[in-house]
Amino acid sequence: DALHRRVVKNIRSLALERNLALTHLADRADVTRSHFWNIMSGKKSPTLKWLSKVAVAMGVDVEDFVSRRP
């Protein structure tokens, strides 16, 4: 759905701005790589817990994934 696509797009753009490789982000966030890529590819939906872990690993607020307009 549109919200999921926005969240993924914002994760990608925020990672790029912070020079964080997506390939390492799953490890930094302490989430499994397969689940990370399933979410990023749209196969699965993120939970608030997952979003929170990724946000902490990136040094951003969870709200940035939703409210930011890339």
Side-chain angles (χ1 to χ4, degrees):
D1 70 346
L3 179 58
H4 189 154
R5 286 190 300 275
R6 183 184 327 153
V7 166
V8 167
K9 193 171 194 175
N10 284 335
I11 289 172
R12 289 181 186 280
S13 67
L14 287 164
L16 183 64
E17 288 174 13
R18 287 163 174 68
N19 293 318
L20 297 171
L22 288 177
T23 54
H24 301 293
L25 190 52
D27 295 333
R28 286 180 63 135
D30 194 29
V31 298
T32 65
R33 291 177 186 177
S34 61
H35 191 67
F36 179 85
W37 290 110
N38 280 334
I39 290 171
M40 295 300 287
S41 67
K43 293 178 184 173
K44 294 196 179 225
S45 295
T47 63
L48 286 175
K49 183 176 181 178
W50 186 92
L51 289 169
S52 178
K53 286 182 169 189
V54 173
V56 168
M58 295 178 74
V60 300
D61 293 323
V62 172
E63 295 84 10
D64 292 333
F65 297 154
V66 177
S67 63
R68 186 170 186 216
R69 298 288 180 178

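Because only heavy atoms are used, hydrogens play no part in the values below, and waters and symmetry mates are left out as well, while side chains stay in. Residues: numbered from 1 along the sequence shown.
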Is a side-chain donor or acceptor of Arg33 paired with a backbone partner of Ala26 at a separation under 3.5 angstrom?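 No, because the side chain of Arg33 does not come within donor-acceptor range (under 3.5 Å) of the backbone of Ala26.
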Short side-chain to backbone donor-acceptor contact, Asp27 and His24, under 3.5 Å: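 Side chain of Asp27 to backbone of His24, a donor-acceptor pair under 3.5 Å: no, none is there.
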Which class fits the ring pair Trp50 and His35: parallel under 30°, tilted 30 to 60°, perpendicular over 60°?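 Trp50 vs His35 ring planes: perpendicular.
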Flag yes if [X] and [Y] sit in one hydrophobic cluster, no otherwise; membership is Ile, Leu, Val, Met, Phe, Trp, Tyr, and two members link when side-chain heavy atoms are under 4.5 Å apart.
X	Y	answer
Trp37	Leu20	yes
Val62	Val66	yes
Leu16	Met40	no

Quick one: closest heavy-atom pair of [X] and [Y], and the distance?
X	Y	answer
Phe65	Leu51	CE1-O, 3.5 Å
Leu22	Ile11	CD2-CG2, 4.3 Å
Lys53	Asp30	NZ-O, 3.5 Å

How about Leu25 and Val54: do any of their side-chain heavy atoms sit closer than 4.5 Å?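 Answer yes - side chains close enough.
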Quick one: does Val60's side chain get under 4.5 Å of Arg18's, heavy atoms only?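 Yes. Closest side-chain heavy atoms under 4.5 Å.
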Distance from [X] atom [atom1] to [Y] atom [atom2], nearest 0.5 Å?
X	Y	atom1	atom2	result
Lys44	Ser34	NZ	OG	8.0 Å
Asp61	Leu14	CG	CG	10.5 Å
Ser67	Arg6	OG	CZ	8.5 Å

Please indicate whether Leu48 has more than 12 foreign heavy atoms, meaning atoms of other residues, nucleotides or ligands, lying under 6.0 Å from its CG.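 Not more than 12 within 6.0 Å, no.
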